[in-house]
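This report refers to the structure that appears directly beneath it.
Counting convention: from 1, in listed order, for ligands and their atoms alike.
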Amino acid sequence: MNPLIMTVYGTRPEAIKVAPVIKAIEADERLRSMAVVTGQHREMLDEVNAIFGIEPEHDLDIMRHGQTLSQIAARVLEGLDPLLEQVRPDAVIVQGDTTTSTAAALAAFYRQIPVVHVEAGLRSHDILSPFPEEANRKLTSQIAALHLAPTSTSKANLLREGAAEKDIVVTGNTVIDSLLSTVDKQIPFDDPALEDLASSGRRVLLVTTHRRENWGEAMAGVGRAVARIAKDEPELTVVLPIHRNPIVREAVLPQIEGLDNVLVTEPLAYGQFTRMLSVSTVVLTDSGGVQEEAPSLGKPVLVMRENTERPEAVDAGTVKLIGTDEERIVEEVTRLMRDAAAYSAMANAVNPYGDGRAAARTVAAIAHLLGIGRRRDEFIS
Ligand code: UD1
Ligand code: UDP
């Protein structure tokens, strides 16, 4: 029987980034695919699977409101171990830096099953930021058999930490595969207000926030900054698809009530989000994935964090780190909205994260790991 590749994932960004890999494994005659979800996210995960037409074979259904990181990790380990024993996959794919990802890697490692780490080698070089993701990704690197680095910078991080060159392949980030497969489709918005906005030509500030280290007062400050920007710039529309986490909602929503030019929506289905990105003027975010997607569409991104594990688009000038200080957020957004030269200096379409062929390189690297194929040429940005 052909080797069985189990892909384990649990949150929205993992689902978006493994979807092209699962599809590519399914299409490869040499391999069998099994998709397993932990359900760390529920609605946001199911939505992505539905869009990409993926029906996971197993669902650990671990999401509980208010659960701790240890509870997430424990539920993943406990749920996955018997499945690994029963199914005995030839390799387990995990993606990125969530707690699902690291716990799944550990469960596979304990069963002596090779771990394939997609999006390996990202480093902020601050173990507490982003929390817990920087630690998660470093832990996974210690036990992975194959490191699929999106860029040469992430490969260099892995080499510096002692990973063997032969175990690293630069693939590009699979998020660009997903982005390119949806962004030109002009997927209609469920919300008529967004459909009107998209065709109105109005300027749009697209905002997302969810990072754990910004919870509480910093996130409330983000909300206050957004409200001030909306009042100062009545010609602008703010679109804020709000994360499902109640902690995020409690911090942000009270600050932006009653403003006509702030559209708060439920999380947008992926195709609708990428379309909203493509019609946005400026993006204000603390998201990892959005930092990778928006530059590819030439959208200036202001990142509400002190550091980033994704320095490539900062170096290219399309992304700027601005932290979470309320005054600074207002100042930086206002500058981009009012100063055409400042705007055009940042509005460059750059593709440091991928060329849309990361999933094909990923599958080739897995086939090579299993001794049944050759690697492809690496991604060069
Ligand atoms: C998680 C990841 C983070 C990733 C983010 C992407 C960890 C520790 N964190 O953070 O790395 O950047 O996902 O969004 O792995 N919820 C729902 N429905 C959903 C999703 C979430 O109700 O579809 C609520 C639940 O109450 C859940 C809470 O949000 O308990 C927090 O979810 P959790 O996965 O713990 O953390 P995130 O902050 O989403
Ligand atoms: N995204 C989405 N709908 C939204 C907001 C974001 O589909 O309303 C997508 C976005 O395109 C990106 C991913 O979700 O690919 C980022 O997820 P998130 O910000 O939750 O996590 P992170 O990337 O920070 O881990």
Side-chain angles (χ1 to χ4, degrees), residues 9-19 37-49 51-52 61-73 75-76 94-104 119 122 130-137 140 173-179 182-183 187 189-191 194 206-215 219 239-251 263-278 280 283 285-294 296-297 299 301 303-305 308-310 353:
Y9 57 107
T11 66
R12 169 174 66 191
E14 292 165 83
I16 291 166
K17 290 171 172 181
V18 297
V37 291
T38 66
Q40 179 179 332
H41 284 174
R42 188 68 283 162
E43 300 87 345
M44 283 161 48
L45 173 74
D46 297 344
E47 205 163 58
V48 179
N49 280 328
I51 287 166
F52 285 98
D61 200 21
I62 67 155
M63 192 185 91
R64 305 286 180 277
H65 293 293
Q67 68 183 345
T68 65
L69 296 173
S70 293
Q71 286 169 330
I72 298 173
R75 287 189 178 116
V76 172
V94 299
Q95 196 286 334
D97 52 19
T98 67
T99 294
T100 279
S101 164
T102 299
E119 197 184 82
L122 276 63
F131 176 87
E133 290 84 0
E134 178 76 357
N136 280 347
R137 42 175 102 101
T140 301
N173 198 310
T174 54
V175 77
I176 304 299
D177 300 33
S178 295
L179 176 70
T182 60
V183 74
I187 290 169
F189 292 108
D190 294 333
D191 182 342
L194 296 182
L206 179 61
V207 183
T208 78
T209 181
H210 72 81
R211 291 248 84 82
R212 226 163 247 266
E213 63 275 13
N214 290 346
W215 283 359
M219 211 168 262
V239 177
L240 203 167
I242 191 119
H243 197 282
R244 286 198 186 269
N245 191 342
I247 296 172
V248 173
R249 295 184 173 208
E250 279 159 29
L263 292 177
V264 178
T265 71
E266 288 303 319
L268 295 178
Y270 183 60
Q272 297 179 44
F273 186 79
T274 58
R275 185 171 163 217
M276 188 42 70
L277 261 181
S278 72
S280 292
V283 181
T285 189
D286 60 17
S287 162
V290 177
Q291 274 179 72
E292 294 157 341
E293 293 162 334
S296 171
L297 304 174
K299 303 297 175 179
V301 188
V303 174
M304 298 181 287
R305 289 181 42 189
T308 183
E309 57 291 316
R310 297 168 166 91
Y353 299 113

Scan side-chain atoms only and decide if [X] and [Y] contain a donor-acceptor pair under the 3.5 Å cut-off.
{"X": "Ser101", "Y": "Gln95", "result": "no"}
{"X": "Ser296", "Y": "Glu293", "result": "no"}
{"X": "Asp191", "Y": "Thr265", "result": "no"}
{"X": "Glu14", "Y": "Thr100", "result": "no"}
{"X": "Gln67", "Y": "Arg75", "result": "yes"}

**Item:** Set of ring-ring contact (aromatic ring centres under 6.0 Å, His included) partners for His210, sequence neighbours left out
**Value:**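 With neighbours one apart ignored, the set is His243.
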**Item:** First-shell residues of ligand 1 [heavy atom, distance under 4.0 Å]
**Value:** Thr11, Pro13, Gln40, His41, Arg42, Glu43, Met44, Met63, Arg64, His65, Gly66, Leu69, Ile72, Thr98, Thr99, Pro132, Glu133, His210, Arg211, Arg212, His243, Arg244, Asn245, Pro246
**Message:** Suppose we screen for side-chain contact (heavy atoms from CB on, under 4.5 Å). Which residues come up paired with Arg249, at least two apart in sequence or across chains?
**Reply:** Ile242, Arg244, Leu253, Glu266, Pro267
Could you list, one pair per line, each nitrogen or oxygen of ligand 2 together with any protein nitrogen or oxygen closer than 3.5 Å, giving atom names and the distance rounded to 0.1 Å?
unit_1, atom_1, unit_2, atom_2, d
ligand 2, 3 (N), Arg12, NH1, 3.4
ligand 2, 3 (N), Leu268, O, 2.7
ligand 2, 7 (O), Leu268, O, 3.4
ligand 2, 8 (O), Leu268, N, 2.8
ligand 2, 11 (O), Glu293, OE1, 2.7
ligand 2, 11 (O), Glu293, OE2, 3.1
ligand 2, 14 (O), Arg12, NE, 3.3
ligand 2, 15 (O), Glu293, OE1, 3.4
ligand 2, 15 (O), Glu293, OE2, 2.6
ligand 2, 19 (O), His210, NE2, 3.4
ligand 2, 19 (O), Ser287, OG, 2.7
ligand 2, 20 (O), Arg12, NE, 3.4
ligand 2, 20 (O), Arg12, NH2, 2.8
ligand 2, 21 (O), His210, NE2, 3.4
ligand 2, 23 (O), Ser287, OG, 3.4
ligand 2, 23 (O), Gly288, N, 3.4
ligand 2, 23 (O), Gly289, N, 2.7
ligand 2, 24 (O), His210, NE2, 2.9
ligand 2, 24 (O), Arg211, NH1, 3.2
ligand 2, 24 (O), Ser287, OG, 3.4
ligand 2, 24 (O), Gly288, N, 2.8

**Message:** With a 4.0 Å cut-off on N to O distance, would you call Glu309 and Arg137 a salt bridge?
**Reply:**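 Result for this pair is yes, salt bridge flagged.
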**Asked** Is any side-chain N of the basic residue among Asp61 and Arg42 closer than 4.0 Å to the acidic one's carboxylate O?
**Response**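 Salt bridge present between Asp61 and Arg42.
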